[in-house]
Amino acid sequence: MLLVQRVVLNSRPGTDGEPVPGHFCVEEAIVGPFLKEGQVLVRTLFLSVDPYMRCRMNEDTGAEYLAPWGLSACVDGGGVGVVELSRCDSLSVDDVVTSFNWHWQTQCLMDEKLLQKVEPQLVDGHISYFLGAVGMPGLTALLGVREKGHVTEGANQTMVVSGAAGACGSIAGQIGRVEGCTRVVGICGSDEKCRVLVEDLGFSAAVNYRQGDVATALKESCPNGVDVYFDNVGGSISDAVIAQMNNDGHVILCGQISQYNKDVPYPPPLCDETQEALQSKNISRERFMVLNYMEKHEAGIIQLSQWVKEGQIKVLETVVNGIENMGVAFCSMMKGGNIGKQVIKISD
Ligand code: NDP
């Protein structure tokens, strides 16, 4: 038998409340003693906190593909770890594995069906990248741009990315540049994030939405208007971007984090002016979901891995240590405390 630490959901914020670390609590639990056929014991290396988890804090997530977290039950999400014991044919001790259903727990018994083996050389040993740039957020950026962005080499396009210093946004902007946009402008929540986008990641310009008027700053940084908009945030920031879009432009509707603490459906309704701008300028705005493109994930991971190894895409991470800080890290990410992917290191 093993004594482990795990995180359970303590209480819910309500559909329109802000999550706080006190909604989670850490407790001890016992794992084992026996593995069933088809199970492995994994040690958790890194856990992910992601915006969609805010919906899982509600009794009703509002999405049929997302189950709510149970009260007093162990929380789960993206994780990566190493196999310590195995009773299945497909996985051996020391294999590195990942899952979307990883318990927020230091060690756990898992069914092989829920796990995917990954090759550490794809990320040159940076195992946490499997939760970020070479994992689900990276695929979201890549497939979002490719499936909905209509980026065309030589077409002199300007791309705007909101939530640009986050896990998906920081990669999406770099992919926009690699795939041929002439100008890539990021919108994010601090001057330091703006500096990193331009100086470290090669964005053409960046706008801090917490300072000054977003519309005015965008006009300056996008003199030829906006052709492609990778939208992570929604709300008034997106209204300002869409108002400056060119005819026949494309909005990649990736996420709407500015609305996640509100009791509204997904995607949240648009104001009349924005709706009218989309129609009159023939701008496409299709909902994008990375899970709808499972058949493209394997090739996507290889592409992302290659770009990262070549240095064409730079990876940013904010790493917090310790399972006791899961709730703090989640709430911090929801408020912009992260630059790049927020991950939590659980063990070496
Ligand atoms: P991030 O790493 O971008 O973290 C969230 C960021 O959102 C924060 O860092 C913060 O940055 C920003 N933010 C928080 N509140 C607001 C607000 N009110 N207005 C503007 N920005 C805000 O998270 P991810 O990259 O994981 O996710 C980004 C988006 O992509 C989310 O909307 C998420 O739901 C979506 N997503 C969609 C997927 C899909 O398949 N469609 C898959 C994965 C993610 P700042 O300092 O700039 O405010």
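Both ligands and their constituent atoms are indexed starting at 1 by order of listing.
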*Can you list the steps and then say if Arg43 with Asp94 is a salt bridge (charged side-chain N to carboxylate O under 4.0 Å, His left out)?*
CA-CA 10 Å; Arg43 178 164 52 84; Asp94 290 338; over 6 Å; no

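Judged as a side-chain contact (heavy atoms from CB on, under 4.5 Å), and not counting sequence neighbours, the contacts of Thr44 are Leu47, Trp102, Cys108, Ile346. In this view, Asp348 and Lys345 satisfy the salt bridge (Lys or Arg N to Asp or Glu O under 4.0 Å) rule, not counting sequence neighbours.
Sorted by first and then second residue, the salt bridge (Lys or Arg N to Asp or Glu O under 4.0 Å) pairs involving residues 203-232 (not counting sequence neighbours) form an empty list.
Both Tyr293 and Ile301 are members of a single hydrophobic cluster when ILVMFWY side chains are connected at heavy-atom separations under 4.5 Å.
Using a 4.5 Å heavy-atom cutoff, the side chains of Val226 and Asn246 are not in contact.
Ordered by chain and residue number, the residues placing a heavy atom less than 4.0 Å from ligand 1 are Pro51, Met136, Thr140, Gly166, Ala167, Cys168, Cys188, Gly189, Lys193, Tyr209, Arg210, Asn232, Val233, Ile237, Cys254, Gly255, Gln256, Ile257, Ser258, Tyr260, Phe288, Met289, Val290, Met333, Met334, Gly336, Asn338, Gly340.
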